[in-house]
Amino acid sequence: MDLKKKVDQLLQELKSGKFNKVILDGEKLLKKNQDKGYLFNICGLAYQRLNKIETSILYFEKAINLEPQNLGHKNNLANSFISINRFKEAEDIFKKILAVDPKNTPALVNYARLKNILLDFKKSINLYENALKLIKNDLGIWLNLGSVYQSIGEFGKANNIFDNILKVKSNFVPAHISISKINDYFEKNSNLSLMLELNNSNNLNKKEKSDLEFAIGKAYDDKKNYDLSIKYFESANKKRKELVNYDFKSDEKLFKSIKNYFQNIDVNKIKNNKDSKKIIFIVGLPRSGTTLLEQILSAHHKVFGAGELDFLRQIISKNFVQDNKLLSQKINELYKLNSEEINDKYFDYIENLNKNSIVTIDKGPQNFIWVGFIKLFFKNAKIIHSKRNLRDTFLSNYKNNFASKDMDWTYDPSEIVKYFNIYEDLMNFWKKTCGDFIYEVDYENIINKNETEVRKILNFCELDWDENCLHHHNSKETIIKTVSAYQARKPIYKTSINSNKHYIQSLEKYFKQLNYK
C-alpha cells in the first residue's frame, strides 16, 4: 500500500474515533517518513482527542517546523493551548493565521470560541459573524453564535437564530435543545410538536434521543404535565446512563483521601492577607442555587461574576492529585513554605478574563471538594456554601442534561443519592475543620427573605450595600453559561421551592434516602 492510501486510512480511523489505532499506525509510518509534517499533525490530533494535550502539542510543533506555511497545523496547536488554559499563546497564533489569511474559517471559528471562553462576547460575536459571511449555511457556527447571545441574556436574538436553523434543518437536535433551555412551554408550545415528531423517528442515535427527551421532559414540566415529563426524564436518563462510564468509587476514594490529609492540618492557623486579590468561591451541589447567588453578588458594583470556572480543579489535580489520591508531600512542601504559587497560578488564569473588578466570583459548585485547599492557599478568599432542599436539588439534577463529564453521576438516581451522601459528609467535615471560613446560605431564605439575606451575605463578604443586588435580573454585565441561564435572568420566583412534590410518586424511593431538609 502506498503512502497516500495509508494516510487516507489514518484519516478514516481518526474520523471513526479509533484514536489509539491512529497513533499506532501513524508512529509506524513516521519511522520511515520523519519529514512528513502532516503525519505528525494527524498523530497530534489523535492525542488531542484522547485528551493527551501536552503530547499533542509536541506533535503539532514538529508538524509546524516541517511545514511552517501550513495554517491548519497552527490552528490545531492553538486549540491544544486552549485546552490547557494557555490562552495568550492560542490568541497569538490565531492573530498570526488571520494576518496571513483573513478568510481562514477554522481560525475565525476557534478564535471566536476562545473569545467566548475569555468572556469577550462582543469580539466572539464579531468573529462568528465574519465566519458566517464565508460559510453562510454552517449550522454549527450559527448554533455557537446563538449560544453567545444566550449567555448574555439576549434571548430574543438567540431564539431567532435557533428558529432559523430549524427552518433549514428541522431535525437539527442541538437547536431544539437550545430552544428548550430559553423558553417557557407554559407560555407557548414553541418547538414541542417538532421534537415529539423527531423523537418518534428512527433517525437518531442514542445520545441524540437522550438529549431530545430531556428537552421534551422539560417542556411537559413547564406545562405542568408531570406524568408525561417524568416519563421522558426517566427515558432520557436511562439512555444517557448507558453512554457514560461513571465510577462512583473514584470520587469516594478522592473524598476519603482529602479528609485523611486535612484532618491532620490546622488550617485555622493560616493567616489572611488583605493585600492579596479578593476572590469569593460559591460552592455547593449543582442546582442548589449557586447561579442565583452569583447573580445577586455580581450585580454589586465592585464584583465580577466569572461563572463556573474550572481553573481551581485543574491546578489542584495537576499539582496534588494522582490516581484519585492526594500527593501529601507535594502539598506539604508548598504549605510549609507559606507559598503563594497556587494563588498566583489561579489569578494568572483569571487575568485572561480581562476584567478589573475589585472582587471576582468563581461559582464552580463542585469547588466544595477543594475547600481545604482554598483555605491553605488563598489568603483573601471567602467561601459561600449554597444549600437547598435536597429533594428539590435531587430533582433538578435528574431533570437536567449536563455537558460536563463531572456530572455523569446525575443520570442514575441511585448514584445521585450516593453522591449527595459523600457531598454532605465532606461538607460537614469542612464545617468542623474550617469553621467560620464558610458562610452557609439557604436557597429558600434567599427566595423568601431576600433583602435580609442579601445584607447578611454582603456583610460576610465585607462589601458595602448595593441596591442593585436586589435587582440582579436587570444586570446586563453578568454572564450565565449554565443550564440556569433562562431562570436566573428572571426576578426572584418561588415556584422552584418544593417542586419535588410533583414527582413524589415516581421518585419517593430515592427521596426517602436523602436527609430531608
Side-chain angles (χ1 to χ4, degrees), residues 48 51-54 56-57 77-95 110-124 148 151-152 273 275-283 290-291 294 297-298 302-321 327 330-331 334-335 339-384 403-406 477-482:
Q48 191 184 70
N51 203 35
K52 296 181 178 179
I53 304 301
E54 300 285 358
S56 77
I57 288 171
L77 175 61
N79 284 336
S80 282
F81 283 146
I82 292 173
S83 296
I84 54 173
N85 302 324
R86 290 167 65 174
F87 302 130
K88 179 66 167 62
E89 290 157 283
E91 184 162 15
D92 288 344
I93 292 172
F94 291 135
K95 285 180 177 178
N110 287 313
Y111 193 12
R113 180 170 66 90
L114 172 61
K115 283 298 186 181
N116 187 27
I117 292 169
L118 297 178
L119 311 182
D120 186 352
F121 298 112
K122 185 176 180 180
K123 182 65 173 177
S124 180
V148 178
S151 295
I152 58 177
N273 180 2
D275 293 328
S276 296
K277 293 179 181 178
K278 190 167 184 176
I279 179 83
I280 299 171
F281 291 95
I282 298 176
V283 307
T290 55
T291 299
E294 184 194 31
L297 280 169
S298 58
K302 292 182 180 178
V303 179
F304 167 60
E308 293 190 0
L309 303 179
D310 197 34
F311 301 155
L312 183 62
R313 182 187 66 82
Q314 289 184 25
I315 293 169
I316 294 173
S317 295
K318 182 177 180 180
N319 288 277
F320 304 130
V321 181
L327 301 172
K330 292 191 72 175
I331 305 171
L334 291 182
Y335 162 53
S339 171
E340 296 197 3
E341 180 181 334
I342 302 302
N343 182 88
D344 293 345
K345 282 182 178 179
Y346 179 88
F347 279 102
D348 282 345
Y349 290 152
I350 291 290
E351 284 179 9
N352 286 298
L353 302 180
N354 241 350
K355 298 290 179 179
N356 298 311
S357 298
I358 296 171
V359 185
T360 301
I361 297 176
D362 179 341
K363 71 156 286 274
Q366 288 171 299
N367 280 343
F368 77 84
I369 300 169
W370 316 116
V371 167
F373 290 93
I374 294 170
K375 180 65 175 168
L376 281 184
F377 296 120
F378 291 82
K379 304 302 192 229
N380 195 9
K382 299 284 186 182
I383 292 182
I384 301 176
S404 171
K405 282 188 66 64
D406 290 339
E477 299 298 318
T478 50
I479 306 108
I480 312 173
K481 293 187 177 184
T482 69

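We count residues from 1, following the sequence as given.
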So which heavy atom on Lys345 is nearest to which on Asn319, and how close? NZ-OD1, 3.4 Å

Distance (rounded to the nearest 0.5 Å) between Lys52 NZ and Ser83 OG: 15.0 Å

If we only count heavy atoms from C-beta on, is the Ile384 to Leu297 side-chain gap below 4.5 Å? yes

Yes or no on side-chain contact (heavy atoms from CB on, under 4.5 Å) for Ile315 and Phe373, after CA distance, side-chain angles and deciding distance? CA-CA 11 Å; Ile315 293 169; Phe373 290 93; over 6 Å; no

So, taking the atom named CD1 in Ile82 and the one named CG in Asn110, what distance separates them when rounded to the nearest 0.5 Å? 6.0 Å

Pairwise side-chain contact, Lys95 with Tyr111, heavy-atom cut-off 4.5 Å (strictly under): yes

Is it true that a side-chain atom of Ser56 and a backbone atom of Ile53 form a donor plus acceptor pair closer than 3.5 Å? yes

With side chains defined as the heavy atoms from C-beta onward, is the minimum distance between Lys363 and Thr291 less than 4.5 Å? yes

Closest approach of Lys88 and Asn352, non-hydrogen atoms and distance? N-OD1, 4.3 Å

Let me confirm one number: the CD1-CG distance from Ile279 to Asn380, rounded to the nearest 0.5 Å. 10.0 Å

Please find the pair of heavy atoms, one from Ala78 and one from Ala90, that lie closest to each other, and give the distance. O-CB, 3.5 Å

When every non-hydrogen atom of Ala381 is compared with those of Ile374, the smallest separation belongs to CB-CG2, 3.8 Å

Please identify each residue that fulfils salt bridge (charged side-chain N to carboxylate O under 4.0 Å, His left out) with Asp344, with sequence neighbours left out. none

Looking at CZ of Phe311 and CG of Asp348, how far apart are the two atoms once the value is rounded to the nearest 0.5 Å? 10.5 Å

Residue pairs passing the salt bridge (Lys or Arg N to Asp or Glu O under 4.0 Å) test where at least one lies in residues 365-383, sequence neighbours excluded: Lys382-Glu462

Between Leu119 and Phe304, is there a side-chain heavy-atom distance shorter than 4.5 Å? yes

Quick one, Asn79 and Phe94 - any side-chain contact, counting heavy atoms below 4.5 Å? yes

Roughly how far, to the nearest 0.5 Å, is CG of Leu309 from CZ of Phe281? 8.5 Å

Gap between atom CG of Asn85 and atom CG of Asp310 - 0.5 Å precision: 7.5 Å

Residue set satisfying side chain to side chain contact (heavy atoms under 4.5 Å, CB included) with Lys330, at least two apart, ordered chain then number -> Phe320, Leu327

Between Lys277 and Thr360, is any pair of side-chain heavy atoms under 4.5 Å apart? no

Going by heavy atoms in the side chains, are Glu91 and Lys115 under 4.5 Å from each other? yes

Evaluation steps, side chain to side chain donor-acceptor pair (under 3.5 Å), between Gln366 and Asp406: CA-CA 9 Å; Gln366 288 171 299; Asp406 290 339; 5.9 Å; no

Given the rule in the side-chain contact (heavy atoms from CB on, under 4.5 Å) test, do Phe377 and Ile331 qualify, once you have shown the distances and angles that lead to the verdict? CA-CA 10 Å; Phe377 296 120; Ile331 305 171; 4.2 Å; yes

Please examine the side chains of Ile84 and Ile57, heavy atoms only from C-beta on, and report whether any two atoms are closer than 4.5 Å. yes

Phe378/Tyr346 aromatic ring centres below 6.0 Å: yes

